[in-house]
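Okay, structure first, notes after.
FYI, the numbering just counts along the sequence from 1.
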Amino acid sequence: MTEDARQASGDSSGVLVRNVVLVGPGGAGKTMLVEAVLAATGAISRPGSIENGGTVSDFEDVERRLQRSVSLSVASTLVQDSDLLPPGASAVRINLVDTPGHADFVGELRAGLRAADAALFVISAADTSASGSAIDGSTRILWQECADVGMPRAVIVTHIDQPRGDFDAAVENSQLVFGDGVHTLYVPVAGDGGPSALIGLLSQTVFDTGAGTRQARPADDGEIALIATRREALIEAVITESEDDSLLDRYLAGEQVSFDTVVDDLETAVARGAFHPVLPCVPTTGLGVPELLEIICRGFPSPVEHVLPTVYTPVGATREPLTGSQDEPLVAEVVKTTTDPYVGRVSLVRVFSGVLHPDVPVHVSGHFARFSGHPEDEDWHSEHDLDERAGTISRPVG
């Protein structure tokens with residue numbers, strides 16, 4: 001993927017955009033991961049907790065009472081740390097789509113998949129076994145559905161700080177269940193009170209958060225020996241996905257491959273859905289959050305790199321494919337509509353092309369059965385085929 005393509009899509013202010021959905025079993029830590037990202041980027045002053053009902057994503061009364069997500073929610077935040085951004089970018093707008101993990105709410109989850117361009121599969125290290133039973137059947141099916149459409153994916157391993165948390169088993173589990181292309185980028189370093197640092201396999205740098213701030217230092221000899229086997233496997237896996245067909249042969253012949261070359265190939269492989277990084281994370285302490293933000297900003301694709309939907313005119317005729325340009329006609333999908341007692345109907349909208357303006361009429365298309373010679377077809381809803389005026393437009397934060 002070229003640098004131009006990587007930065008091809010942004011919002012009206014020129015900020016790059018990343019739409020990311022979080023999926024995984026209930027209790028894996030998706031909601032707290034959203035809290036950690038929002039706090040790290042300054043969208044909220046500090047993370048809330050599920051126990052006191054203070055999380056951004058779980059804002060409905062039933063969610064606070066049950067202490068679990070039951071509906072889809074979106075939280076938007078801005079990343080401006082230059083160390084985490086693609087070269088030449090000033091900022092990245094991340095739209096995090098938090099979805100419920102319970103099978104009863106699969107409709108909310110699938111709506112989230114429709115809205116996103118990449119997925120974070122959140123897996124608990126405390127519920128992992130070598131047989132792969134910790135990853136439920138629904139999550140496995142979703143992984144395959146994402147694979148079928150080439151959606152980029154990363155695996156986030158949480159609960160590594162719990163007594164039964166086993167990161168190595170979680171990685172083995174993920175590789176067993178999800179198949180080829182799943183490789184860890186960082187490994188946790190155990191401390192007195194649990195993991196407090198990560199070792200970057202490519203950079204051989206230790207990122208320590210034990211003192212309350214993130215400090216970087218070179219790995220010592222013991223730590224380098226600890227990661228040597230994994231690092232070699234990671235580099236070979238990245239080079240295998242390289243667009244330079246001769247690079248693997250040169251590497252196997254003993255040629256040294258530069259760090260920048262490996263990183264560029266890694267980002268390209270992640271963006272096109274061929275490589276799936278595994279990252280340990282402790283949302284309550286922030287361990288792994290900067291590394292996650294770097295993967296999202298530098299590895300995940302922009303909206304125009306996602307496969308755009310096939311579209312039709314309001315009368316059902318075919319038209320030329322979308323390019324995702326703001327100069328095209330408005331094409332958007334209503335992902336979800338709720339009713340608020342104070343402001344009325346609130347719709348979550350994913351824009352594929354054009355610009356959605358407030359107080360401007362838009363055409364809401366129904367199904368096209370009446371144009372196919374079957375006007376009696378019940379799949380066509382006449383009340384959906386009309387013009388409506390868009391109201392106030394805002395970015396959601398829960």
T337 and S347: side chain to side chain donor-acceptor pair (under 3.5 Å), yes or no, with the steps? CA-CA 4 Å; T337 297; S347 291; 2.8 Å; yes
Kindly write out the residues that satisfy salt bridge (charged side-chain N to carboxylate O under 4.0 Å, His left out) with E232, not counting sequence neighbours, or none if the list is empty. none
Taking atom CD of E294 and atom CG of D81, what is their separation to the nearest 0.5 Å? 9.5 Å
Through direct or indirect side-chain contacts below 4.5 angstrom among Ile, Leu, Val, Met, Phe, Trp and Tyr, which residues connect to L322? L308, V311, V331, F352
Residues 253-263 vs salt bridge (Lys or Arg N to Asp or Glu O under 4.0 Å), sequence neighbours excluded, gives R250-E255
Joining Ile, Leu, Val, Met, Phe, Trp and Tyr whenever any side-chain heavy atoms lie under 4.5 Å apart, the cluster holding I224 also takes in none
Please report the shortest heavy-atom distance between L113 and C146, naming the atom on each side. CD2-SG, 4.1 Å
If the condition is ring pair (Phe, Tyr, Trp, His ring centres under 6.0 Å), which residues does F167 pass it with, not counting sequence neighbours? none
Polar side-chain atom of R18 near backbone of F300 as donor-acceptor pair, under 3.5 Å: yes
Where is the tightest heavy-atom contact between L78 and A91, given as atom of each residue plus distance? CD1-CB, 4.1 Å
Would the distance check show the side chain of R153 and the main-chain N or O of M151 forming a donor-acceptor pair, the cut-off being under 3.5 Å? yes
Ring pair (Phe, Tyr, Trp, His ring centres under 6.0 Å) pairs, two or more places apart, involving residues 141-161: F121-W143, W143-F178, W143-H276
Do S196 side-chain atoms and V189 backbone N/O form a donor-acceptor pair below 3.5 Å? no
Please confirm whether the backbone N or O of G324 pairs with a side-chain atom of E328, one donor and one acceptor, at under 3.5 Å? yes
Give, for atom CG of L279 and atom CG of L185, the distance between the pair rounded to the nearest 0.5 Å. 7.0 Å
Which atom names give the shortest non-hydrogen contact between V122 and P25, and what distance separates them? O-CD, 3.5 Å
Answer yes or no: does atom CG of D180 have more than 12 heavy-atom neighbours from other residues, nucleotides or ligands under 6.0 Å? no
Would the number of heavy atoms belonging to other residues, nucleotides or ligands and lying under 6.0 Å from CZ of R217 be above 12? yes
